[in-house]
There are 4 protein chains.
Amino acid sequence: MARPRNEDRRNAILSAATRAIASQGLGAPTAVIAKEAGVSNGSLFVYFDTKAVLLNELYVALKTEMATTALAGIPAESEPREQLLQMWTQWLHWATAGPEKRRALAQLQVSDDITADSHQAVYSASSAIADLLERSRAGGPMQDAPLSFVLTLTNAIAETTIDTVIREPAEAETLIRVAFDAIWRVVAGA
Amino acid sequence: MARPRNEDRRNAILSAATRAIASQGLGAPTAVIAKEAGVSNGSLFVYFDTKAVLLNELYVALKTEMATTALAGIPAESEPREQLLQMWTQWLHWATAGPEKRRALAQLQVSDDITADSHQAVYSASSAIADLLERSRAGGPMQDAPLSFVLTLTNAIAETTIDTVIREPAEAETLIRVAFDAIWRVVAGA
Amino acid sequence: MARPRNEDRRNAILSAATRAIASQGLGAPTAVIAKEAGVSNGSLFVYFDTKAVLLNELYVALKTEMATTALAGIPAESEPREQLLQMWTQWLHWATAGPEKRRALAQLQVSDDITADSHQAVYSASSAIADLLERSRAGGPMQDAPLSFVLTLTNAIAETTIDTVIREPAEAETLIRVAFDAIWRVVAGA
Amino acid sequence: MARPRNEDRRNAILSAATRAIASQGLGAPTAVIAKEAGVSNGSLFVYFDTKAVLLNELYVALKTEMATTALAGIPAESEPREQLLQMWTQWLHWATAGPEKRRALAQLQVSDDITADSHQAVYSASSAIADLLERSRAGGPMQDAPLSFVLTLTNAIAETTIDTVIREPAEAETLIRVAFDAIWRVVAGA
DNA sequence: GATGAATGAGCTTTCATTCAT
DNA sequence: AATGAATGAAAGCTCATTCAT
């Protein structure tokens with residue numbers, strides 16, 4: 001019966017936070033985020049109880065979006081290598097298309113404000129990626145390593161590639177292909 | 001005011017900063033760092049003009065120490081693979097022996113306070129590692145990629161491995177071997 | 001906007017305010033009071049234009065209730081001492097039965113938010129008590145003092161007694177008798 | 001070897017807090033207190049860790065000063081009534097001379113920020129007053145009541161008197177005498 | 001040079017009040 | 001009338017940096 005809580009506002013705040021963190025780091029003031037979102041100082045705290053809550057929800061949202069985008073439309077019947085390639089391409093596209101998201105994520109990932117719960121939530125959302133990697137490494141040199149290791153390893157290589165692509169866009173084509181071959185060698189062997 | 005006499009004090013501050021950042025993040029107050037170093041609040045600023053300067057110098061110092069340790073005593077005449085293996089082992093040993101240094105480094109690496117100059121300085125200090133990787137990739141699938149990409153890629157894989165080893169020390173032996181094989185596949189191919 | 005229909009809601013807010021102030025002090029947020037009353041944030045301001053108005057009305061309401069209860073059923077024809085004793089007993093009963101009212105009142109009494117008008121209103125509502133004290137002191141050592149002084153003095157003694165009774169209920173019987181004798185000595189002499 | 005912490009500043013802050021609380025209540029902003037003390041916002045927190053600490057220390061300081069002043073120079077060999085009269089006079093003088101202290105104290109006394117420790121500290125500082133009341137009530141109608149009751153009762157009567165004297169200074173002489181007689185009747189009987 | 005008190009801008013968070021629904 | 005989201009002006013407190021001693 002009152003003014004309903006507005007999902008758009010919530011998203012505007014998350015989006016503004018992404019930009020603010022990308023350019024000013026995790027210390028970006030909530031006041032700056034609110035202004036960037038076109039919302040009053042106090043409204044931010046209507047949608048997120050504390051700054052730490054905002055950070056955690058942003059982290060989960062970005063990671064989830066990344067995983068969803070990377071996995072979109074992958075045909076279930078094709079070969080693991082084909083599937084991984086498509087995922088890889090889509091992943092890179094997402095990251096290079098929105099470099100601010102990538103930059104914000106890099107800061108959030110190492111922040112002490114991110115709780116174990118948030119990391120767990122992200123891990124769950126990435127289970128389809130985990131499945132794909134599981135199938136890709138079958139019979140290869142990584143078959144006995146902890147799956148979490150293979151996951152974070154792939155992630156690290158992807159992020160390094162993304163950063164390099166963002167820094168040297170001219171080499172993008174080559175880099176993306178070279179990097180995928182490298183990942184395949186890591187996960188599946190020659 | 002930035003011509004310090006006492007090298008011990010300077011080092012005590014850097015060391016305290018490592019611990020403080022590892023446990024409290026980059027937001028660790030200078031007052032806390034000073035106290036941890038057994039030095040007064042004001043003295044910190046005799047040795048480092050600003051907090052940003054301290055952070056940058058710490059970054060360079062840690063990275064340089066890491067490179068120096070990794071490269072120590074590598075016989076010039078042996079095979080690249082042998083040399084890389086030794087470097088790898090020493091690198092991992094340094095990182096797992098001092099996990100606080102590793103944690104502090106992870107935060108510093110993505111911080112906006114670290115200047116391009118500092119990144120450049122680190123890059124220069126790592127030239128011997130670059131040389132080794134240059135020799136290792138000769139004739140392999142990475143021979144045409146930018147060397148900086150190969151460097152950061154190796155770095156990323158190493159850090160992922162280190163984090164996993166710190167988290168699951170029981171698997172250390174296996175992980176270190178598996179990870180080295182992976183790196184070799186990335187850099188030199190099969 | 002301050003012409004309420006629903007008297008129950010109004011009372012619920014006053015009652016909730018009593019409890020909130022007793023436990024959190026005068027700084028108790030209006031939001032807390034509203035929730036405690038089972039009423040929405042905004043509704044509180046339909047019944048009371050500002051927080052200060054709420055505080056003042058609560059003050060007057062509590063004091064009035066206290067006076068009314070204290071004076072209930074006192075036979076007009078009995079001796080002043082008898083009347084005063086009955087009032088005293090009823091007063092103490094009211095206060096010890098609802099210690100939150102007593103606690104809230106203690107805070108309100110010294111608050112700057114309570115206007116002179118409110119104090120005046122309370123004074124008027126207490127005229128019957130004033131009359132009783134006037135009759136009680138006749139011919140005694142307080143006969144020439146300002147009546148307001150005798151009133152506040154009696155009040156202060158009562159409140160001290162109440163606080164002590166609440167803190168040490170085991171001694172209640174003794175305390176109440178001892179305190180009444182003391183008041184009588186103050187007002188009427190030996 | 002550094003700038004020493006300055007006792008005068010500390011006292012200036014306590015004194016400013018007394019004035020600010022007297023005129024604005026316990027909600028008086030620390031910024032106002034600091035400015036009133038001629039000290040920077042941050043300096044206040046060098047001397048008092050939190051606002052609550054400031055409030056508690058102010059409460060203890062004021063009560064202690066009050067007790068000390070009230071007890072000054074009382075000849076040990078004189079009669080209890082004489083001693084009590086002198087204490088009473090000095091007490092009233094202190095309170096009427098600095099009505100802001102009295103007003104601040106009234107707010108602090110009922111505040112939730114004042115800890116049990118502070119109340120205890122005050123109680124200890126008032127032990128000489130307690131002794132005097134103990135001697136005064138010997139053989140009288142209050143001899144079996146809890147001493148703490150007699151203490152707070154006396155206190156309440158004193159404060160009521162002070163408030164009335166401040167409000168109606170013309171009647172001061174009469175009031176003080178009448179009130180002392182009343183206290184004596186309360187404590188010692190006729 | 002060393003110390004730590006002093007500073008004040010800046011931060012997160014709260015809250016009385018308003019207003020769209 | 002009722003609701004609760006929206007607002008923005010504080011509030012308490014922190015902290016990098018300066019400076020008197």
Side-chain angles (χ1 to χ4, degrees), chain A residues 1-6 9-10 27-35 38-55, chain B residues 1-6 9 27-35 38-55 113, chain C residues 1-6 9 27-35 38-55 113, chain D residues 1-6 9-10 27-35 38-55:
Chain A
M1 210 179 281
R3 197 185 320 200
R5 213 180 275 201
N6 189 335
R9 270 168 181 268
R10 207 189 116 91
T30 52
V32 166
I33 295 173
K35 175 175 287 183
V39 152
S40 83
N41 203 345
S43 272
L44 188 148
F45 290 94
V46 169
Y47 288 89
F48 305 94
D49 277 347
T50 65
K51 187 184 184 181
V53 167
L54 167 59
L55 259 25
Chain B
M1 252 189 213
R3 271 300 118 85
R5 268 291 135 72
N6 191 333
R9 272 169 179 262
T30 53
V32 167
I33 296 172
K35 174 175 287 183
V39 155
S40 84
N41 198 354
S43 272
L44 187 148
F45 290 92
V46 170
Y47 290 88
F48 304 92
D49 276 345
T50 66
K51 188 184 184 181
V53 166
L54 166 60
L55 258 27
D113 288 325
Chain C
M1 252 188 213
R3 270 302 118 83
R5 270 288 135 75
N6 191 331
R9 274 171 179 262
T30 52
V32 166
I33 296 172
K35 173 174 286 182
V39 155
S40 83
N41 198 354
S43 272
L44 186 148
F45 290 92
V46 170
Y47 290 87
F48 303 93
D49 276 343
T50 67
K51 187 183 185 182
V53 167
L54 167 59
L55 259 26
D113 288 323
Chain D
M1 212 180 278
R3 197 185 320 198
R5 213 180 275 201
N6 189 337
R9 273 171 179 266
R10 209 188 114 91
T30 54
V32 167
I33 296 172
K35 175 174 287 182
V39 152
S40 84
N41 203 342
S43 272
L44 186 148
F45 291 95
V46 170
Y47 288 88
F48 304 94
D49 277 347
T50 66
K51 188 185 183 181
V53 167
L54 167 59
L55 259 26

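First the proteins, then the strands, lettered A, B, ... as listed; each starts at 1.
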Let me know, please, whether Gly42(A) or Pro4(A) comes out on the 5' side of the other along DNA chain F by nearest nucleotide. Pro4(A)
Nearest listed nucleotide, side chain of Val46(D), among dA9(E), dG4(E), dA6(E): dA6(E)
Quick one: Leu44(B) CG to dC15(F) C1', roughly how many Å, whole number? 12 Å
To the nearest Å, give me how far apart NZ (Lys35(C)) and C1' (dG4(F)) are. 11 Å
If you pin Val39(B) and Lys51(A) to their nearest nucleotides in DNA chain E, which one's is more 5'? Val39(B)
Which heavy atom of Thr50(C) sits nearest to which heavy atom of Phe45(C), and what is that distance? CA-CE2, 4.2 Å
Asn41(C) side chain, from C-beta outward: closest of dT21(E), dT7(E), dA5(F): dA5(F)
Could you tell me the separation between the CZ atom of Phe48(D) and the P atom of dT14(F), rounded to a whole number of Å? 16 Å
Is the side chain of Arg5(D) donor-acceptor paired with the backbone N or O of Arg10(D) at a distance under 3.5 Å, no angle test? no
Candidates dT17(E), dC13(F), dT7(E) - which lies nearest the side chain of Thr30(C): dT17(E)
Euclidean distance, Leu54(A) CG relative to Ile33(A) CD1, rounded to 0.5 Å: 5.5 Å
Rounded to the nearest angstrom, tell me the gap between atom CZ in Arg10(A) and atom P in dG4(F). 19 Å
Taking any heavy-atom pair under 4.0 Å as a contact, classify Tyr47(D): base, sugar-phosphate, or nothing. sugar-phosphate
Pro29(D) has its side chain closest, among dC13(F), dA11(F), dT18(F), to dA11(F)
Starting at the 5' end of DNA chain F and moving along, which residue's nearest nucleotide shows up first, Val32(D) or Ala31(B)? Val32(D)
Evaluate the criterion side-chain contact (heavy atoms from CB on, under 4.5 Å) for residue pair Asn6(B) and Tyr47(B); output intermediate values, then yes/no. CA-CA 9 Å; Asn6(B) 191 333; Tyr47(B) 290 88; 3.4 Å; yes
Grab the CG-P distance between Asn6(D) and dT7(E) for me, whole Å please. 11 Å
Which nucleotide in the list dA5(E), dT18(E), dT7(F) gets nearest to the side chain of Arg5(D)? dA5(E)
For dT18(E), what is the paired nucleotide under Watson-Crick or G-U wobble rules, both distances under 3.5 Å? dA5(F)
Look at Ser43(D) and dT7(E) and indicate whether a side-chain polar atom (N or O) is within less than 4.0 Å of OP1 or OP2. yes
Output the single nucleotide from dA5(E), dT18(E), dT17(F) whose closest atom is nearest the side chain of Phe45(C). dT18(E)
Looking only at heavy atoms, what is the nearest atom pair of Ser40(D) and Ala34(D), with distance? O-CB, 3.8 Å
Whole Å only: how far is the CZ atom of Arg3(D) from the P atom of dA2(E)? 19 Å
Looking across every strand, which nucleic acid part, if any, lies under 4.0 Å from Arg9(B) by heavy atom: base, sugar-phosphate, or nothing? sugar-phosphate
